[in-house]
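Notes follow once the structure below has been shown.
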Amino acid sequence: MSLLAPLVAAFHYSLQPIAPFTWLGWGISTLDVVATIRLCVVLRQIREVMHRQHVSANGTGQVEEASFVKKVSTTLLVVYGGEAVVAPFLCVPPSFMVSGVFPGLYAAIQAIVELLPSVPIPSAETELPLAILDGFTRAYLLCNLIPPAVTANALPLISSSPWTLLITSLLVANGGFFMTNLFSFHSPTSLSVQTPPELQPYGWTTADIWCAPTITALYALLTHAQPFWADLHSVLAGILGAASLGEPVKPLDPELARAVCAVLLSGLFAGRAARNFGLWKKPIQQKTEPKTKTQ
């Protein structure tokens with residue numbers, strides 16, 4: 001576990017509230033700011049890629065005039081769309097109805113990103129290093145932000161249900177992008193309903209979809225977030241011979257469990273970037289003609 005100590009320390013440092021936000025009593029951390037910048041830049045990259053593709057294929061006839069309100073709405077829908085759907089079923093108010101600090105942060109960062117002359121085109125040189133950052137921010141979301149809405153719920157039926165925990169993680173983490181894709185928010189043309197990538201053939205294999213419940217389940221298993229996961233951990237430890245007979249399996253420290261999840265997610269996202277940018281292509285083997293004997 002000593003190998004994870006630097007990651008635990010990095011999380012501890014990056015989650016400390018920073019100035020000037022602390023001057024106003026806002027608990028915004030370095031990780032919050034970095035994650036917001038990363039998302040806003042990615043959304044601008046997606047819009048610009050789709051704009052180029054549309055113009056090259058169809059011209060500029062149907063392209064709408066750029067709207068900052070549409071861009072901010074897209075960002076907020078990505079962030080809070082899944083939460084808005086799930087919150088009523090958990091009998092809790094969505095976070096954006098309780099405080100406007102983080103919606104305001106996303107809007108402000110989006111405005112700054114839109115004022116930049118340009119943003120880098122996604123490439124292996126940029127996405128591979130950023131996979132580490134994505135692993136950290138996604139681990140924080142799946143381990144610290146989403147589970148408490150279930151595990152600390154006032155209703156015992158919800159707080160003790162592992163299915164509720166997994167479906168909440170799936171919907172909150174992916175619901176926003178699902179809705180923006182469904183209504184074509186990223187398209188340079190007017191809004192329209194289309195089949196989102198998640199519902200297209202093999203869309204379920206997208207890493208972002210299945211990694212959300214998987215990582216939340218792993219974190220719950222390691223930390224015994226619910227009685228089900230504690231029992232499952234004991235059963236697995238007994239099968240693997242990792243626990244003595246009759247001795248209860250101790251949960252892992254939550255910070256260590258989060259670091260484990262961050263490592264797995266960083267590796268997953270790095271592999272996805274390598275595949276998307278063709279770094280895993282097998283070299284083409286050239287066929288050699290048999291040599292003929294010459295005199």
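Keep in mind that the numbers below use all heavy atoms, side chains included, and drop hydrogens, waters and symmetry copies.
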Note to self: Using every non-hydrogen atom in the two residues, find where F21 and I28 come nearest and quote the distance to one decimal.
What the structure shows: CD2-CD1, 3.7 Å
Check: Atom CD of E48 and atom CD of Q45: how far apart are they, to the nearest 0.5 Å?
Finding: 7.5 Å
Notebook entry, point to check: Between F102 and F96, is the ring centre distance below 6.0 Å?
Noted result: no
Note to self: Let me check something: do L24 and I109 share a hydrophobic cluster, defined by ILVMFWY side-chain heavy atoms less than 4.5 Å apart, either directly or through other members?
What the structure shows: yes
Checklist line | Single-linkage hydrophobic cluster, 4.5 Å side-chain cutoff, L31 and L145 together | finding: yes
Notebook entry, point to check: Does a side chain donor of either T74 or H186 reach within less than 3.5 Å of an acceptor in the other side chain?
Noted result: no
Checklist line | Common cluster, V172/L170, ILVMFWY with side-chain heavy-atom separation under 4.5 Å | finding: yes
Note to self: Using the rule that Ile, Leu, Val, Met, Phe, Trp and Tyr join whenever any side-chain heavy atoms are under 4.5 Å apart, tell me whether V260 and W229 fall into a single cluster.
What the structure shows: yes
Notebook entry, point to check: Just by distance, do the side chain of N153 and the backbone of V150 share a donor-acceptor pair under 3.5 Å?
Noted result: no
Check: Under the 3.5 angstrom rule, does the side chain of T180 hit a backbone N or O of G176 as a donor-acceptor pair?
Finding: yes
Notebook entry, point to check: Does any N or O in the side chain of W210 come within less than 3.5 Å of the main-chain N or O of T205, such that one atom is a donor and the other an acceptor?
Noted result: yes
Margin query: Using modelled atom types and a 3.5 Å cut-off, is there a donor and acceptor pairing between side-chain atoms of Q226 and backbone atoms of T151?
Written below: no
Item checked: Point-to-point distance, once rounded to the nearest 0.5 Å, from CD of E127 to CG of D134 -> 7.0 Å
Check: Which value, rounded to the nearest 0.5 Å, describes the distance between F183 atom CZ and S190 atom OG?
Finding: 13.5 Å
Item checked: Side-chain (R44) to main-chain (L116) donor-acceptor, under 3.5 angstrom -> yes
Notebook entry, point to check: Has Q62 got more than 12 heavy atoms of other residues, nucleotides or ligands less than 6.0 Å from its CD?
Noted result: no
Check: Strictly by modelled atom types, are S184 and S187 linked by a side-chain donor-acceptor pair under 3.5 Å?
Finding: no
Margin query: Which heavy atom of Q110 sits nearest to which heavy atom of V72, and what is that distance?
Written below: CG-CG2, 4.3 Å
Item checked: Shortest non-hydrogen separation from Y106 to L39 and the atoms involved -> CE2-CD2, 3.9 Å
Check: Is T36 reaching over with its side chain to a backbone N or O of D32, donor-acceptor style, under 3.5 angstrom?
Finding: yes
Margin query: Please give me the minimum heavy-atom distance between N144 and Y219, naming the atom from each residue.
Written below: ND2-OH, 4.3 Å
Notebook entry, point to check: Does I121 CD1 have over 12 foreign heavy atoms under 6.0 Å away?
Noted result: no
Notebook entry, point to check: Going from CG on L133 to CZ on R38, what distance comes out if it is rounded to the nearest 0.5 angstrom?
Noted result: 6.5 Å
Margin query: Can you tell me if Y13 has over 12 outside heavy atoms packed within less than 6.0 Å of its OH?
Written below: no
Margin query: In this structure, would L130 and I37 fall into the same cluster of hydrophobic residues linked by side-chain contacts under 4.5 Å?
Written below: no
Check: Is S266 reaching over with its side chain to a backbone N or O of V263, donor-acceptor style, under 3.5 angstrom?
Finding: no
Check: OG1 of T223 to CZ of R258: how many Å apart, nearest 0.5 Å?
Finding: 11.5 Å
Notebook entry, point to check: What distance do T137 atom OG1 and L142 atom CG have between them, rounded to the nearest 0.5 Å?
Noted result: 9.5 Å
Note to self: I'd like to know whether CG of L128 has more than 12 heavy-atom contacts from other residues, nucleotides or ligands below 6.0 angstrom.
What the structure shows: yes
Check: Sub-3.5 Å donor-acceptor pair from the side chain of E83 to the main-chain atoms of S95, do we have one?
Finding: yes
Notebook entry, point to check: Do the side chain of T216 and the main chain of A212 share a donor and acceptor less than 3.5 angstrom apart?
Noted result: yes
Next item on the list: State, to 0.1 Å, how close E198 and N181 come at their nearest heavy-atom pair, and which atoms those are.
Entry: OE2-ND2, 3.6 Å
Margin query: Between S169 and L166 (side chain of the first, backbone of the second, donor and acceptor by atom type, cut-off under 3.5 Å), is there such a pair?
Written below: no
